[in-house]
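Taking it in order: structure first as structure tokens, then the write-up.
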Amino acid sequence: GFSSELRLVLELSPEDEMLFRAEGGYTLDYGLASELAIVYDAGAAAPADPADLPPGDDLHRGFFLDQAYAQATLGRVSMRAGIVPVGWGTAYLYNPTSRTAESEFPGENLDIVRGRAGFWASLALPRSVSLEAYALADGRARSTVPDIGELNADAVPWGVKAQVRTNAIDA
């Protein structure tokens, strides 16, 4: 198979307290590198008829937007709103603190965290301690079919953590 990805990052910081970041790009997949080709070949779905696709649409190509948020920093407090990445560390097999990111296999790019619509805040405390919190407007089920109850309070992902970072430990 063949796979190519063009990733573009835009970061604007007009003032020290404000930041805007957007990250997205374009993918091109053929053969075994195409998830759709694998699904069609396995018989899990019927291949799309090219006549049924909108003009100019090509299932080999795709555009994506992983992050797009505004960030404000006021003293020890930082806040982000928009399509926010919430990456609470990496792990090779399972990360219990990463409740919003897809599981990754060893060898995959662990530095890319796809954002979700929502809000993130951080408070820096003395002695290398910080508090972070997030709330996302993205139901835990992540269904492609809209549901009236998908954003009930018990279905909305949120989290709070305290973190200590020193030269010897990150806990």
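All values below come from the heavy atoms of this structure, side chains included, with hydrogens, waters and symmetry mates left out.
- Closest non-hydrogen pair, Met79 versus Val77, comes out as CG-CG1, 4.1 Å.
- Within the model, atoms CG of Leu19 and CG of Leu12 stand 8.0 Å from one another, a figure rounded to the nearest 0.5 Å.
- Put simply, CZ on Arg114 and CZ on Arg116 are 8.0 Å apart, with the number rounded to the nearest 0.5 Å.
- With values rounded to the nearest 0.5 angstrom, Phe64 atom CZ is found 6.5 Å from Thr27 atom OG1.
- Counting all heavy atoms, side chain and backbone alike, Ile38 lies closest to Leu32 at CD1-O, 3.3 Å.
- At a threshold of 4.0 Å, the pair Arg61-Asp29 does not count as salt-bridged, since none of the basic side-chain nitrogens sits closer than that to a carboxylate oxygen.
- Applying the ring pair (Phe, Tyr, Trp, His ring centres under 6.0 Å) definition to pairs two or more places apart or across chains, those involving residues 8-29 are Tyr26-Phe63.
- Of all heavy-atom pairs spanning Ala48 and Leu53, the tightest one is CB-CD2, 4.5 Å.
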message: Pair Arg7, Glu23 - check side-chain contact (heavy atoms from CB on, under 4.5 Å), show working.
response: CA-CA 7 Å; Arg7 182 170 288 273; Glu23 185 172 326; 2.8 Å; yes
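- Minimum heavy-atom separation, Phe119 to Ala81: CD1-CB, 4.3 Å.
- Within a 6.0 Å sphere centred on CD of Glu11, other residues, nucleotides and ligands contribute more than 12 heavy atoms.
- Between Val84 and Gly118, the shortest heavy-atom contact is CG2-O, 3.5 Å.
- Note that the CE atom of Met18 and the CG atom of Leu74 stand 9.0 Å from one another [nearest 0.5 Å].
- Atom OG of Ser122 and atom NZ of Lys161 lie 9.0 Å apart (nearest 0.5 Å).
- Side-chain polar atoms of Ser128 and Thr166 form no donor-acceptor pair below 3.5 angstrom.
- Residues Ala33 and Phe2 share a closest heavy-atom pair of CB-O, 3.4 Å.
- In the hydrophobic clustering of ILVMFWY residues, with side-chain heavy atoms under 4.5 Å counting as a link, Val86 and Ile83 come out apart.
- For the atom pair Leu59 CG and Glu35 CD, the distance stands at 12.5 Å (nearest 0.5 Å).
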- prompt: Going through the distances and angles, do Thr73 and Ser78 end up as a side-chain hydrogen bond (donor to acceptor under 3.5 Å, both in side chains)?
  reply: CA-CA 4 Å; Thr73 303; Ser78 290; 3.2 Å; yes
